[in-house]
Amino acid sequence: MPKNMSAFLHQRPLYSPSLESSELSPRSRQNSQKSTGAALLSRGPALILILLSLLIIVGVFSPYIQSPNSVTLFNFSKTESKWRSYTLSDAAAYVAKNNTLIVCAVSEAYLSFLNNWLISITRQKHQDKVLVIAEDYATLYKVNERWPGHAVLVPPALEAAAAHKFGSQGFFNFTARRPRHLLQILELGYNVMYNDVDMVWLSDPFPYLEGKHDVYFMDDMAYVKPLDHSHELPPPGKKGRTYICSCLIYLRPTVGAKLLMTKWIEELQDQPWSRAKKANDQPGFNWALNKTAGQVDVYLLPQKAFPTGGLYFKNKTWVRETKGMHVIIHNNYIIGFEKKTQRFKDYGLWLVDEYASESPLGRL
């Protein structure tokens with residue numbers, strides 16, 4: 001037998017004599033239990049006081065000894081609740097400067113375009129009056145986390161994935177909410193400029209809002225106008241209506257502006273989206289303009305300063321002849337997130353890659 005095995009077999013177990021005697025003697029065990037019980041009873045009031053004191057201490061200090069994760073979840077839930085109850089009225093009052101708001105409507109898929117647009121506005125020193133109308137909760141939380149108070153969601157929230165595909169019912173539902181948002185802001189008594197976020201500001205547009213008209217807008221036609229063209233509503237086109245872009249609208253809180261927004265809402269209700277007729281909000285806006293002509297004081301912004309994408313990106317001669325006159329560029333006449341991004345990059349208008357630090361949101 002190996003030496004170590006022999007040692008193991010002959011090793012005696014270690015034990016306490018008192019333990020052994022207790023296990024072997026029932027009478028001893030009984031006597032021990034009695035004495036222990038008597039001791040506990042004699043100390044009863046003191047033990048009860050100690051236990052009560054411990055319970056009070058735990059109750060008082062437990063909120064301060066939570067794990068970091070539980071604290072984070074608590075704070076997030078509290079913040080989430082705050083922004084869910086944040087109303088358009090609250091947001092407008094917080095953001096407006098000189099009784100004026102700059103408004104956009106955005107879903108999560110277009111956050112990079114929002115940031116690009118914001119950089120261009122910041123360069124013109126108008127970012128403080130920007131209010132982002134978030135169309136989904138992800139956008140609401142992300143914008144307000146980085147720029148508190150500058151985003152609001154007007155319920156119900158839309159499905160973010162469906163909202164950005166041009167021609168889809170989701171896109172129609174997304175854009176069809178626009179006149180309701182604008183009308184509500186007008187009813188609150190604010191001037192409001194609406195922009196699509198696939199735009200870039202090259203200069204300050206506010207000096208071009210001449211006079212005291214109800215509504216200002218830009219033409220969506222790509223044919224070249226005279227530099228001194230009329231500021232009246234253009235004549236209807238082949239479809240019996242004008243081709244004004246709903247991408248840029250400035251409104252004063254007048255009876256005329258409210259009438260136009262109300263009529264726009266009605267037109268969208270009368271011409272809903274269908275698979276056969278994949279509508280968007282712009283035809284409804286033009287029908288509303290045409291049907292309220294004479295009742296609303298309108299102003300067509302100069303084409304040289306506010307060109308449509310079909311002109312700016314496709315007519316190099318015109319761009320060269322009007323160099324230095326451009327104010328806001330709209331990246332339309334092209335469909336698709338990736339295509340819009342690439343076109344902005346090709347023309348040096350995609351700012352977020354190099355200048356994200358200039359945005360109130362930073363790098364997303």
Are the aromatic ring centres of Phe313 and Tyr347 under 6.0 angstrom apart? yes

Quick check: does any side chain N or O of Asn331 sit under 3.5 Å from a backbone N or O of Met199, one acting as donor and the other as acceptor? no

Parallel, tilted or perpendicular, as decided by the 30° and 60° cut-offs, for the rings of Phe113 and Phe344: tilted

Is it the case that Ser357 and Arg363 place a side-chain donor and acceptor less than 3.5 Å from each other? no

Are the aromatic ring centres of Tyr299 and Tyr250 under 6.0 angstrom apart? no

When every non-hydrogen atom of Pro307 is compared with those of Met218, the smallest separation belongs to O-CE, 3.5 Å

Check: His326 ring centroid to Trp318 ring centroid under 6.0 Å: yes

Transitively linked via ILVMFWY side-chain contacts under 4.5 Å: Leu364 with Leu349? yes

Does one hydrophobic cluster hold both Val352 and Leu202, with members joined at side-chain heavy-atom distances below 4.5 Å? yes

Using atom types as modelled and distance alone, determine if a side-chain donor or acceptor of Glu267 lies under 3.5 Å from a backbone N or O of Asn286. no

For Thr308 and Asp219, test the side chains for any donor-to-acceptor distance below 3.5 angstrom and give the result as yes or no. no

Backbone N/O of Asp297 and side chain of Asp214: donor-acceptor pair under 3.5 Å: yes

N/O donor-acceptor pair under 3.5 Å between Thr139 side chain and Glu108 backbone: yes

Do side-chain atoms of Thr87 reach the backbone of Asp90 as a donor and acceptor pair under 3.5 angstrom? yes

Does the distance from a Lys or Arg side-chain N to an Asp or Glu carboxylate O, for Asp128 and Lys97, drop under 4.0 Å? no

Let me check something: do Leu153 and Leu88 share a hydrophobic cluster, defined by ILVMFWY side-chain heavy atoms less than 4.5 Å apart, either directly or through other members? yes

Do Tyr194 and Asp196 pair up side chain to side chain, a donor and an acceptor below 3.5 Å, judged on atom types alone? yes

Asn99 (side chain) donor-acceptor with Gly189 (main chain) under 3.5 angstrom: yes

Is there a donor-acceptor pair under 3.5 Å between the side chain of Arg252 and the backbone N or O of His213? yes

Would Trp287 and Lys263 count as a side-chain contact (heavy atoms from CB on, under 4.5 Å) if you check the C-alpha gap in whole Å, the side-chain angles of each, and the deciding distance to 0.1 Å? CA-CA 9 Å; Trp287 284 119; Lys263 189 62 180 174; over 6 Å; no

Close side-chain approach of Thr242 and Asp220, heavy atoms under 4.5 Å: no

Would Ile244 and Val298 count as a side-chain contact (heavy atoms from CB on, under 4.5 Å) if you check the C-alpha gap in whole Å, the side-chain angles of each, and the deciding distance to 0.1 Å? CA-CA 12 Å; Ile244 299 302; Val298 303; over 6 Å; no

Say whether, by atom type as modelled, one donor and one acceptor occur between the side chain of Arg241 and the main chain of Phe285 under 3.5 angstrom. no

For the student: nearest non-hydrogen atoms of Pro302 and His229, plus distance: CA-NE2, 3.4 Å

For the residue pair Asn332 and Asp198, confirm or rule out a side-chain donor-acceptor distance under 3.5 Å. no

Steps toward side chain to side chain donor-acceptor pair (under 3.5 Å) verdict (Trp350, Asn116): CA-CA 7 Å; Trp350 189 248; Asn116 199 67; 5.4 Å; no

Start with the C-alpha gap between Thr322 and Leu227, add the side-chain angles, then the distance that decides, and say whether side-chain contact (heavy atoms from CB on, under 4.5 Å) holds. CA-CA 9 Å; Thr322 56; Leu227 293 180; 4.1 Å; yes

Using a strict cut-off of less than 4.0 Å between a Lys/Arg side-chain nitrogen and an Asp/Glu carboxylate oxygen, indicate whether Asp136 and Lys142 qualify as a salt bridge. no

What's the shortest heavy-atom distance between Gly211 and Tyr216, and which atoms? O-OH, 3.1 Å

Hey, does the side chain of Thr254 reach the backbone of Ala257 with a donor-acceptor pair shorter than 3.5 angstrom? yes

Determine the minimum heavy-atom distance between Leu289 and Leu233, stating which atoms define it. O-CD2, 4.1 Å

Stepwise, does the side-chain contact (heavy atoms from CB on, under 4.5 Å) test hold for Tyr110 with Phe337? CA-CA 8 Å; Tyr110 269 80; Phe337 183 93; 4.1 Å; yes

same_hphob_cluster(Leu351, Trp147) at 4.5 Å side-chain heavy-atom cutoff: yes

Correct closest heavy-atom pair for Ala105 and Glu135 would be CB-OE2, 3.8 Å

Shortest non-hydrogen contact from Leu118 to Pro360? CB-CD, 4.1 Å

Pairwise distance CG(Asp204) to CD1(Ile328) - rounded to 0.5 angstrom: 9.0 Å

Keeping the roles fixed (side chain from Tyr86, backbone from Gly149), state whether a donor-acceptor pair exists under 3.5 Å. yes

Here the gap from Arg320 atom CZ to Asn315 atom CG, rounded to the nearest 0.5 Å, amounts to 9.0 Å

Please round to the nearest 0.5 Å and tell me the distance separating atom CG of Leu101 and atom CG of Leu186. 10.0 Å

Please answer: with hydrophobic residues joined when any side-chain heavy atoms are less than 4.5 Å apart, are Leu311 and Met325 in the same cluster? no

